Amino acid sequence: MLIADDQALLRGSFRVLIDAAPGLTTVGEAADGARAVDLARRERPDVVLMDVRMPEVDGIEATRRICADPDLAGVRILMLTMFDLDTYVYAALRAGAGGFLLKDAAPAELLDAIRVVAAGDGLLAPSVTRRLIAEFARAPEVPASPRAELDGVTQRERDVLVLIARGLSNAEIGARLHLSHGTVKTHVGHLLRKLGARDRAQLVIIAYEGGVVTAAQR
């Protein structure tokens, strides 16, 4: 686990919390995005806890650099923000972040979020998930353009993709489509492979940018 935040007090607090949690440990701290990228390349952490706003190289650009590096394909990014509708959140997810969480989240919620993102499941702050997805869909920089990869997606996989883009969990998708949990996981795995997505958060971006789902359909 790598912590990137320009506030030393917050970094220290996060480190104490994470190192005290079973199965989690920190491998370094960074006060800016450039240092976060350097440490990610050196330490290869499973997750980077990345602040959005940092001096010099911000969290979005650092995320973009990490996610564009094929040697860091296994590194997941969990963005932290002070605002539930931060204008940078969409850009962060598009850059490759696995999700984001508010800085005022409870300690247990933060630890759960780290584990979820480490497992490859995209995560948006529960209190604003569907509202954020609606904002992303209405954003002017989200053109609906056909994606060739979508041609290889089956109708059932497309049904699952639509529900992922609406913010539903695997359990909710299974209930909606009358599928078992294992079957939903299989469909999600196929979507990740066929669409070249790192995680569920990337599937949300692909669904909106490819016109599979729009704000009017949510």
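Just so it is clear, the structure is predicted and the values come from calculations on it, not from any experiment. The figures here come from the full heavy-atom set of this structure, side chains too, leaving out hydrogens, waters and symmetry mates.
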Quiz item: When Leu191 is tested against each of Thr154, Thr186, Leu203 for side chain to side chain contact (heavy atoms under 4.5 Å, CB included), which residue passes?
Solution: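 Looking at Thr154, Thr186, Leu203, the match for Leu191 under the side chain to side chain contact (heavy atoms under 4.5 Å, CB included) is Leu203.
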Keeping [X] on the side-chain end and [Y] on the backbone end, is there a donor-acceptor pair under 3.5 Å?
X      : Y      : result
Glu172 : Ser169 : yes
Asp51  : Met54  : no
Lys194 : Leu150 : no
Asp19  : Leu24  : no

Self-check item: CZ/Arg115: more than 12 non-hydrogen atoms of other groups inside 6.0 Å
Solution: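 More than 12 within 6.0 Å, yes.
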Quiz prompt | Glu56 atom CD: more than 12 heavy-atom contacts under 6.0 Å | solution =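 Result for CD/Glu56: open.
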[X] [atom1] to [Y] [atom2] distance, which is reported to the nearest 0.5 Å:
X      : Y      : atom1 : atom2 : result
Thr81  : Met50  : OG1   : CE    : 13.5 Å
Arg76  : Ile66  : CZ    : CD1   : 12.5 Å
Ile173 : Leu163 : CD1   : CG    : 5.5 Å
Thr25  : Met1   : OG1   : CE    : 10.5 Å
Asp46  : Leu78  : CG    : CG    : 13.0 Å

Quiz item: Should Leu49 and Leu110 be marked as a side chain to side chain contact (heavy atoms under 4.5 Å, CB included) after you check the CA-CA gap, both sets of side-chain angles, and the distance that decides it?
Solution: CA-CA 10 Å; Leu49 191 60; Leu110 173 61; 3.9 Å; yes
Quiz item: Can you check salt bridge (Lys or Arg N to Asp or Glu O under 4.0 Å) on Arg41 and Asp71, steps first, answer last?
Solution: CA-CA 8 Å; Arg41 287 172 175 157; Asp71 291 335; over 6 Å; no
For [X] and [Y], which heavy atoms make the closest approach, and how far apart are they?
X      : Y      : value
Leu39  : Ala30  : CD1-CB, 4.1 Å
Ile3   : Ile18  : CD1-CD1, 4.0 Å
Leu2   : Gly28  : CD1-O, 3.2 Å
Met79  : Ala97  : CG-CB, 3.5 Å
Val57  : Ala34  : CB-N, 3.6 Å
Val204 : Ala165 : CG2-CA, 4.0 Å

Practice problem: For Arg53 and Asp5, run salt bridge (Lys or Arg N to Asp or Glu O under 4.0 Å): C-alpha distance rounded to whole Å, both residues' side-chain angles, the deciding distance at 0.1 Å, then the answer. | Solution: CA-CA 8 Å; Arg53 298 176 178 178; Asp5 193 295; over 6 Å; no
Exercise. Take Ile77 and Cys67 through the side chain to side chain contact (heavy atoms under 4.5 Å, CB included) test and state the conclusion after the steps.
Key: CA-CA 9 Å; Ile77 310 291; Cys67 293; 4.1 Å; yes
Practice problem: Would you please say whether a donor-acceptor pair under 3.5 Å links the side chains of Thr183 and Ser180? | Solution: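 Yes, because at least one side-chain N or O of Thr183 sits under 3.5 Å from a partner of the opposite role on Ser180.
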Quiz item: Can His187 and Glu157 be counted as having a side-chain donor-acceptor contact under 3.5 angstrom?
Solution: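 Note: His187 and Glu157 side chains miss the donor-acceptor criterion.
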Self-check item: Residue pair Arg11, Arg15: steps toward the side chain to side chain contact (heavy atoms under 4.5 Å, CB included) verdict
Solution: CA-CA 6 Å; Arg11 292 199 309 274; Arg15 184 160 200 157; over 6 Å; no
Quiz item: Can you list the steps and then say if Asn170 with Arg200 is a side chain to side chain contact (heavy atoms under 4.5 Å, CB included)?
Solution: CA-CA 11 Å; Asn170 281 1; Arg200 292 171 74 97; 2.4 Å; yes
Exercise. Could you go through the salt bridge (Lys or Arg N to Asp or Glu O under 4.0 Å) check for Asp159 and Arg156 one step at a time?
Key: CA-CA 5 Å; Asp159 293 339; Arg156 180 53 86 188; 3.5 Å; yes
